[in-house]
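Report on one structure; see the data block that follows.
The chain is numbered in sequence order, starting from 1. Hydrogens, waters and symmetry mates play no part in the numbers below; they use all other heavy atoms, side chains included.
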Amino acid sequence: MNEQKSRFQDIINILGPRIVDSNIPCNSIITLAEIEAEFECSRTVAREVQRSLEGFGLVRAQRRIGMIVQNKQSWNVFDPAIIRWRLNGPQRDSQLESLTALRLAIEPHAVAAAARFASKEQREEILHLGKKVYELGAIDSGPKFMRYDIMFHSRILQYCGNEMFAALSPVVESVLLWRTQLGLMPPRPEPRALEDHKQIAIEIYRGNPVAAYEAMVDLVGEVQEAFASSEPFRLRGISSTTHQTFEQMEENNAFDATAYPIPLEHKQS
């Protein structure tokens, strides 16, 4: 059974990218017999492949004809597998642009909602994760940093009180993960991005939705600038009018929970 499942997944990971990269054009016909012949698999495995491709919205099965390849409008574009295939192919730039635009539309509202509605325990967790992102990012953008960064963004979506935002958590995880795996992250995160993570964590903890919103807009804006820049690893400066310096952050012990008490209206959350 495990071998059959592995074979099925191998075939999906070949046919899926072929379709999303237009190597199998829209309106092409794929038959079960063709899958069996090319991949030397059983009819049972071929049918599983068909069901999976249908689930992705990549094909539509028509009796006595086969699977008809669908255009992009029919795809389940939020599925992490489709996102991964598109990021690995010629659509990478347009997919990154779409994902970043989605983040800009969703994440600022999510942090503002988390600042309003997250419980005390949830705020403390976000604060802790923000601190870890800041500390690890000062060293490098390695796997440990990435793990905490993904948790930080995921928890915000999960704790914002909007189930539709929470459902997009795997999408945001995908873009964060694949930005690193595609070599689009600098060896060390931008100081501006680390500052924004710190501000987001603190403002959610303090229950300040406006400041949290503004910090997330700036954070995703930094990502947009990085993608658009001809020097994607170039350090972009931090505005002295809106952010503390790193030395001031250390002096003020910015992540000391006692320095940022939760407003009274949240203490019973």
Side-chain angles (χ1 to χ4, degrees), residues 83 87 92-112 114-115 126-157 169 171-205 208 210-255:
I83 292 172
L87 286 175
R92 187 187 77 172
D93 289 348
S94 63
Q95 176 70 118
L96 285 170
E97 184 178 352
S98 296
L99 288 168
T100 304
L102 177 67
R103 291 187 63 192
L104 190 57
I106 297 299
E107 289 196 87
H109 295 284
V111 297
I126 290 171
L127 188 68
H128 169 71
L129 291 172
K131 179 180 180 182
K132 294 296 293 185
V133 168
Y134 177 73
E135 292 174 343
L136 292 168
I139 301 170
D140 59 36
S141 58
K144 194 170 183 180
F145 165 83
M146 182 52 54
R147 185 166 66 251
Y148 276 97
D149 191 38
I150 288 173
M151 285 193 290
F152 177 76
H153 288 274
S154 297
R155 292 298 186 273
I156 289 170
L157 291 170
S169 179
V171 177
V172 174
E173 290 178 24
S174 293
V175 69
L176 292 172
L177 180 64
W178 282 88
R179 183 186 176 191
T180 298
Q181 295 186 354
L182 290 169
L184 298 176
M185 275 289 287
R188 283 173 52 184
E190 298 288 350
R192 172 179 160 190
L194 292 179
E195 173 73 10
D196 285 332
H197 279 85
K198 178 186 76 75
Q199 290 300 122
I200 290 165
I202 290 173
E203 300 305 344
I204 289 176
Y205 188 75
N208 188 339
V210 174
Y213 181 99
E214 291 173 349
M216 182 59 84
V217 168
D218 190 70
L219 176 60
V220 182
E222 188 277 329
V223 175
Q224 285 184 315
E225 290 175 20
F227 290 154
S229 173
S230 59
E231 301 176 69
F233 296 158
R234 174 173 58 89
L235 289 179
R236 286 165 285 281
I238 301 174
S239 169
S240 60
T241 61
T242 57
H243 297 286
Q244 295 175 296
T245 66
F246 292 143
E247 290 77 11
Q248 287 173 321
M249 289 190 298
E250 291 173 355
E251 290 173 5
N252 294 340
N253 195 11
F255 282 97

Should Y205 and I126 be marked as a side chain to side chain contact (heavy atoms under 4.5 Å, CB included) after you check the CA-CA gap, both sets of side-chain angles, and the distance that decides it? CA-CA 8 Å; Y205 188 75; I126 290 171; over 6 Å; no

Beyond-backbone contact of V175 with I83, side-chain heavy atoms, under 4.5 angstrom: no

Mind checking whether P189 and L194 have side chains closer than 4.5 Å, heavy atoms only? yes

Kindly state each residue pair satisfying salt bridge (Lys or Arg N to Asp or Glu O under 4.0 Å) with at least one member in residues 145-155, sequence neighbours excluded. E125-R155

Is K132 positioned over the aromatic face of Y148, cation under 6.0 angstrom from the ring centre and no more than 45 degrees off axis? yes

Residue pair F152, H128: steps toward the side chain to side chain contact (heavy atoms under 4.5 Å, CB included) verdict: CA-CA 9 Å; F152 177 76; H128 169 71; over 6 Å; no

Taking only residues two or more places apart in sequence or in another chain, which ones pass salt bridge (charged side-chain N to carboxylate O under 4.0 Å, His left out) with E107? R103

Are any non-hydrogen side-chain atoms of K131 and L127 less than 4.5 angstrom apart? no

How far does CE of M146 sit from CG of L176, to the nearest 0.5 angstrom? 6.0 Å

Under the side chain to side chain contact (heavy atoms under 4.5 Å, CB included) rule, what do M216 and L219 come out as? Steps first, then yes or no, please. CA-CA 5 Å; M216 182 59 84; L219 176 60; 3.9 Å; yes

Assess whether side chain to side chain contact (heavy atoms under 4.5 Å, CB included) is satisfied between I204 and I200, documenting all intermediate values. CA-CA 6 Å; I204 289 176; I200 290 165; 3.8 Å; yes

Can you list everything that forms a side-chain hydrogen bond (donor to acceptor under 3.5 Å, both in side chains) with S141? Sequence neighbours excluded, please. none

Using 30° and 60° as the class limits, which term best fits the ring planes of H197 and H153: parallel, tilted or perpendicular? perpendicular

To the closest 0.5 Å, what do you measure between CD (Q95) and OG (S174)? 9.0 Å

